[in-house]
Protein chains: 4
Amino acid sequence: MSSFQPLRGVVPPVCTPLDASGEIDTASLTRHVEHFVSGGVHGLFALGSSSEVAFLTDRQRETVLRTVVEAVAGRVPVLAGVIDMTTPRVLVHAEAAREAGADALVATAPFYARTHPVEIAHHFRTLRARVDLPLYAYDLPVSVHSKLSVALVRELAEDGTLAGLKDSSGDEGGLRRLLVELGGRHGRADGPAPGFSVLTGSELTVDAALLAGADGVVPGLGNVDPAGYVRLYDAVRAGDLDRAVKEQERLVELFGMVDAGPESEMGRNSSAIGAFKHALRLLGVFAEGTTAAPQIQLGEASVALVEERLRGAGLLPVR
Amino acid sequence: MSSFQPLRGVVPPVCTPLDASGEIDTASLTRHVEHFVSGGVHGLFALGSSSEVAFLTDRQRETVLRTVVEAVAGRVPVLAGVIDMTTPRVLVHAEAAREAGADALVATAPFYARTHPVEIAHHFRTLRARVDLPLYAYDLPVSVHSKLSVALVRELAEDGTLAGLKDSSGDEGGLRRLLVELGGRHGRADGPAPGFSVLTGSELTVDAALLAGADGVVPGLGNVDPAGYVRLYDAVRAGDLDRAVKEQERLVELFGMVDAGPESEMGRNSSAIGAFKHALRLLGVFAEGTTAAPQIQLGEASVALVEERLRGAGLLPVR
Amino acid sequence: MSSFQPLRGVVPPVCTPLDASGEIDTASLTRHVEHFVSGGVHGLFALGSSSEVAFLTDRQRETVLRTVVEAVAGRVPVLAGVIDMTTPRVLVHAEAAREAGADALVATAPFYARTHPVEIAHHFRTLRARVDLPLYAYDLPVSVHSKLSVALVRELAEDGTLAGLKDSSGDEGGLRRLLVELGGRHGRADGPAPGFSVLTGSELTVDAALLAGADGVVPGLGNVDPAGYVRLYDAVRAGDLDRAVKEQERLVELFGMVDAGPESEMGRNSSAIGAFKHALRLLGVFAEGTTAAPQIQLGEASVALVEERLRGAGLLPVR
Amino acid sequence: MSSFQPLRGVVPPVCTPLDASGEIDTASLTRHVEHFVSGGVHGLFALGSSSEVAFLTDRQRETVLRTVVEAVAGRVPVLAGVIDMTTPRVLVHAEAAREAGADALVATAPFYARTHPVEIAHHFRTLRARVDLPLYAYDLPVSVHSKLSVALVRELAEDGTLAGLKDSSGDEGGLRRLLVELGGRHGRADGPAPGFSVLTGSELTVDAALLAGADGVVPGLGNVDPAGYVRLYDAVRAGDLDRAVKEQERLVELFGMVDAGPESEMGRNSSAIGAFKHALRLLGVFAEGTTAAPQIQLGEASVALVEERLRGAGLLPVR
């Protein structure tokens, strides 16, 4: 692990382009990697929730990861989600990710079966012991229905099981408690877990998270506007909070694209991912805006809203 | 589907014996099939939640299913759980289950990503259209965090998408509404979905469910005492409710084996499955009581409780 | 407590008639008591959830209870709900209920503030110690967001804190475990808490609950058809399960009146209580079908559905 | 409403001192008001969740409010919580609060009965129409189990129903969306609801909320260290984010006092409120650290932790 630098900056989860039949559109995916890298991102997170990892077969996951790793060609680190229900199944994905060239792994707590915190700790320790790659915990109670406690994350950070945390719990108070326990905004390097990276998945409050000492962000909306998140990150690093807040506010307005009309018969997941994918289509990155089965596809009114928000944020027309 | 009879009776979910390394113990599994068949069960449900399906790799799932199908040798139908997050991943399992010789498939609603009821309906319809086996919906909100509504199940029953329902929702009022809408206890054959099977997974109220018109039961505790559930089923069919209640009460007491002490650091899932597996070990069916990672293993006090409950129910010493 | 017989039979929660201004309509309430008593009920539960107790001011609660007690005139016992957030507030209601002539009290676990099971036990013990009336625990997680465990209820039953339980948790498996621990269907009198009454609030599975050994039922739908629930109860007591199931199935169909259309902008609570109240209006018992603020009133289509269900169940035209 | 200035700054919820018998200790409460005012707070919120409002009888609520209003003597505005289940009951509290001299009211969405968003809007509109005081919505899903949507708050802000929001939902992303929709950090005065106050209840991320444009904070921990929150607020207003973050980090460490040991048999609510009250006792403000029934009292080890955190934050010894 010594050669792997603590992860910092903007590390977007990579949306997965699909063709009309639901297969991976590798040409669009390669274009998307360039979209990210030219936007200045500091890393990429393939096979996360925004990548529709839950909807991809093992074969498709491998195609995605190999395509991303090849297109990135070492310019930034590639984190790979290894999302499945329990330790034995996650281990299969972890081995596959290692072989496909991932630089690090991202795993959630177990789901489907109810699990005790001691079992969750055992889960992460087993993953770390069995596959020799830096391991990030992905705290995502909305999907896995358990929350990683501050005490558990701290324990696994201090003993070297975890290289970092991707916090998508929405519990900003808990995140702040963790950051303070690890040394606060300025004392992390001398704290109990010096190399530990804290990344927030809360894409609407990135200025606040960075102000509090988070190392970076994994923004789903970063698919649409990677350069915007990089500007936001740079502004905070430069101490220009006014500029950071303005950039964040622009991104919050852009995020409004996920609001499919109340008449839409679709899940919250399919409306958000569908909006990002159609935005990428309108931006010329993706060939299609298709989401995976059984998700309902975005209707015309929702696509029009996406376009409106892109224009409002200055992303259309493409310059 | 015409050759497949509506499923009735006791259809236990098959616990999966593991050796100390976590691999499938096929010898114990074969013995377990005989334990079930000699107990008089009317079908078997492999790869369900009580089978630790969430903890088994795809390779292990195949081993389990082929072993069960071979050991059963056509004596009773074998249902196969195809448990995964979304339609594309479930389809992979469904194809594998068909090739391994399953007689029917059992699928939950999608999980991990939030899904709209219209998307859930689309999920089941796609599964049915793509794999030519009878399909059972598995209503398990405790694991998948959405509930199949009476209206949705009825719609999918009437249009032939579903051959039946395994209801583990614990919502007995909703189940009763469904049964009444389908014709009630005596009018099901003339109702809107005549061949549709309703199986309850509520193992502690089987007498009540059968009284209300359910066709059968999928009892996790049926791993330990299949003959007891068969006697309970037969008593209700024979109209001897007094005998049925007494048998159910004996089984409720036996079920107390799942209560690991409050000091135990284990999940509710691991304590229940661990108890069933240790009971099977004490009964001479399983070689080990091991549960899959990352579950904590049952402690001595909990195993002693299992033994006590087996004696109390007259199952030990083995005759 | 010695003079208070264990409660058995049908004990409906009494809907509270309101006039157009939201005030208690005592004339309708007095008629409603006669509707119940002439239907043969074994007790009445005033100021429960179906009574809109959460919507009534303290002054209105007193009016309701005094009106019911006076109209009942000792013919059946009157239980009074003392529904509020915590012990000090519930004690105020309990004193008022005692002064208004209630025969017993019904209290939930605390709500609004998160409470530990030890604090819940302390809550019930304090209530019992401070007001000398039999105390029933009301298990209603849908409203109070905590579930009374089998162990807690058993402890409070054995030490005499509780005279009984009104179980509206929907957890029929847990209820069965409690009944078996208390001695099962036939051994309750010799069990650890001989006089303890178990009443189910699950109005769609009363046949099943009585079969399992419950003492009685508190059916919201019993407002509309008290005589139907009494026939159901009597059929089970007489051992005629076939008749009981048929009566229960008729009541399940009648219950369909609570399904306001999906287009309705109203809560589940307001649609169910509104349906019962409009049914009582159509039956000539209530002057109005008004529900309390801020509930939305039933629309015409929903009222038409109520009427249709009343006709279907043979309750209209009134004979 | 024209004379009531938009509320800004630090507006702590006032903990309610109780004597050993559970009665209001008005002498301590009067001292506590001085503790707040001398700390520089900009308003006080009496009868909120941290005030144990759920545990106070109506008579005690009146005593609390009259004591606070008298002690404050107009130096800062006094907001009064009117916490109860539904509109009719809240109206009783609202009238009482107006008579006791409150400057504004704070109400949650209805609870106990499930309520539709349209009914929630009707609730707030009725309260505003019937009692002529500025009305704040209190978004507290952990207690009332429904979340006020951005759209609903915005609608009630624009039409003048609400004077402001106290957001204790923990949904910082939603709060940011609301702030941006209302004009963002700098454009609120020209936005769709110019006088609307947004106060956060998230006491561990106040720097972030103020950075994003919130008008103020309602910190439970502000009972213990009002001057600290005032310094934090002033630092942000002065544009000194570094100082703000340092102050916030000190307060986050101080907040660790709420962690009662895992062995404690008490609810999360009783451990937090108990910690604040014992801290006030150690600071010489309260005579006792007693919390209301049925809460378990803090044990010695927990009290020692409180003392340790007070010392760590420089609040002990009292200077």
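In what follows, chains are A, B, ... by sequence order, proteins preceding strands, each numbered from 1.
Thr108(D) and Tyr112(C) share no side-chain donor-acceptor pair at under 3.5 Å.
Each of Arg89(D), Met85(D), His122(D), Arg125(D) has some count of heavy-atom pairs under 4.5 Å with chain C, and the biggest count is that of Arg89(D). If you tally non-hydrogen atom pairs under 4.5 Å between each of His123(C), His145(C), Arg114(C), Gln295(C) and chain D, the highest count goes to His145(C). When each of Thr115(C), Thr126(C), Asp84(C), Val144(C) is checked for heavy-atom pairs under 4.5 Å with chain D, Asp84(C) comes out on top. Each of Val90(C), Val142(C), Leu91(C) has some count of heavy-atom pairs under 4.5 Å with chain D, and the biggest count is that of Val142(C).
Thr86(D) and Ala293(C) make their closest contact through CB-O, 4.3 Å (heavy atoms, listed as atom of the first residue, atom of the second, distance). Nearest approach of Thr87(C) to Pro294(D), heavy atoms of both residues: OG1-CD, 3.1 Å.
Residue Pro110(D) touches chain C through its side chain alone, counting heavy-atom pairs closer than 4.5 Å.
Contacts between residues 54-63 of chain D and chain C, counted as heavy-atom pairs separated by less than 4.5 Å, involve Ala54(D), Phe55(D), Leu56(D), Thr57(D), Asp58(D), Arg61(D).
Here the OG atom belonging to Ser270(D) is positioned 8.5 Å from the NE2 atom belonging to His116(C), to the nearest 0.5 angstrom.
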